[in-house]
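Residue numbers start from 1 in every chain, and the chains themselves are labelled A, B, ... in the order their sequence lines are given, proteins ahead of strands.
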There are 2 protein chains.
Amino acid sequence: MNQELTTNEVIHRLQEHGVNPTRQRIDIAKVLFARPQHLSADDVMRSAQREGANISKATVYNTLSLFSSKGLVREIIVDPSRVFYDTNPTTHHHFYNIDTGELLDFDASLLQLTNMPHLPPGTVADGVDVVIRIRNASYQ
Amino acid sequence: MNQELTTNEVIHRLQEHGVNPTRQRIDIAKVLFARPQHLSADDVMRSAQREGANISKATVYNTLSLFSSKGLVREIIVDPSRVFYDTNPTTHHHFYNIDTGELLDFDASLLQLTNMPHLPPGTVADGVDVVIRIRNASYQ
DNA sequence: CTGTGTGCAAAGCTTTTGCACTACT
DNA sequence: AGTAGTGCAAAAGCTTTGCACACAG
């Protein structure tokens with residue numbers, strides 16, 4: 001049904017990022033990299049189980065956090081107690097629909113940021129996140 | 001000690017925003033509007049208790065959420081399970097120091113956003129949040 | 001007396017921690 | 001055997017819900 005990645009493809013991708021490819025990590029990576037998407041930890045958990053994997057919730061959380069620190073996925077924080085993991089590897093920003101909770105990408109090159117302010121002394125920039133909050137027009 | 005707002009000033013401000021000024025809401029508002037600041041729900045809870053107020057955690061959460069919907073404070077979401085409530089009423093964006101968890105304001109006029117992307121059909125913009133993530137230089 | 005609004009204990013989440021286990025050296 | 005790395009049950013922490021109470025009409 002699903003266009004699935006082979007186990008070897010996934011193992012290779014994990015190793016490229018310095019992640020030891022264990023069974024649980026491979027199962028989670030298969031879910032994440034099936035296509036570019038935004039998933040919560042719980043989404044990942046359930047997708048993995050639907051594919052027959054047996055992984056604890058703690059491991060899902062710890063693995064997503066590991067993948068994030070290794071640059072395999074990107075954490076997006078737009079909603080209290082709802083972290084999304086973004087598997088789109090390109091530089092982009094987000095629309096966040098506050099009525100539906102939906103998260104949509106837009107290419108970073110569409111938006112020009114000029115006159116960046118001076119950073120506080122002793123700090124360096126790590127990244128810029130732009131979130132455009134939107135509502136459904138009909139809701140007024 | 002503290003430069004405190006009078007109860008009447010606070011009541012007036014709540015009423016201006018259509019919020020019924022109950023005892024708990026007045027206590028919370030006094031904490032919030034003592035000066036422009038970034039506070040988590042737990043910070044608010046503890047400051048209120050330090051001032052002698054006796055309010056449950058649930059009420060603090062519900063009240064902050066109410067104030068936010070009425071435009072009295074602004075929710076900032078930069079950290080998983082850590083929502084900040086910002087009492088600075090001017091339009092501004094944020095630096096977020098990922099090493100220290102510190103949140104700093106910078107004036108929105110310092111940053112020019114041009115070439116705003118087209119919004120998805122049927123939606124209207126509600127606001128734009130820019131978060132510049134920074135690290136301490138020494139940490140490398 | 002009825003209906004709306006408010007506050008909070010308890011329930012329900014999400015996330016983190018600490019430890020048992022594994023797998024290399 | 002010793003050491004570093006891994007997975008997960010249980011603990012902790014944050015947020016929401018549902019109900020009891022208060023208050024206005």
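Between the CG atom of A:Asp42 and the P atom of C:dT14 there is a distance of 5 Å, rounded to whole Å. The interatomic distance linking B:Ile28 (CD1) with C:dT6 (P) rounds to 13 Å, in whole Å. Remark: C1' of D:dT3 and CG of A:Asn20 are 15 Å apart, rounded to the nearest angstrom. In this structure, B:Ile77 places its CD1 atom 13 Å from C1' of D:dT15, rounding to the nearest Å. Taking atom CZ on A:Arg23 and atom P on C:dT22, their separation rounds to 13 Å, with Å as the unit. Following rounding to the nearest Å, B:Ile26 (CD1) and C:dG7 (C1') show an atom-to-atom distance of 15 Å. Atom-to-atom, CZ of A:Phe84 to C1' of C:dT15 comes out at 16 Å; the value is rounded to the nearest Å. Atom CD in A:Glu75 sits about 9 Å away from atom P in C:dT15, given to the nearest Å.
Taking 4.0 angstrom as the limit, A:Lys57 places none of its side-chain polar atoms (N or O) nearer than this to OP1 or OP2 of D:dC8. In terms of phosphate contacts, B:Arg25 brings a side-chain nitrogen or oxygen within less than 4.0 Å of OP1 or OP2 of C:dG7. Considering only side-chain N and O atoms, A:Thr22 lies under 4.0 angstrom from the phosphate OP1 or OP2 of D:dG7.
Without hydrogens or angle criteria, B:Arg74 side chain to B:Asn88 main chain gives no donor-acceptor distance under 3.5 Å. A side-chain donor-acceptor contact under 3.5 Å links A:His17 to the backbone of A:Lys70.
Cation-pi geometry between A:Arg13 and A:Phe33 is satisfied (NZ or CZ under 6.0 Å from the ring centre, within 45° of the ring normal).
Between B:Val60 and B:Asp42 there is no side-chain heavy-atom pair separated by less than 4.5 Å.
Heavy-atom minimum distance, A:Tyr85 versus A:Ser65: OH-N, 4.5 Å.
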Carefully, step by step, assess A:Leu32 and A:Leu64 under the rule side chain to side chain contact (heavy atoms under 4.5 Å, CB included).
CA-CA 10 Å; A:Leu32 291 171; A:Leu64 287 170; 4.0 Å; yes
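With 3.5 Å as the limit, one finds a donor-acceptor pair spanning the side chains of A:Ser40 and A:Asp43.
Using a 4.0 Å cut-off on heavy atoms, the residues of residues 58-72 of chain A that approach DNA chain D are A:Ala58, A:Thr59, A:Asn62, listed by number.
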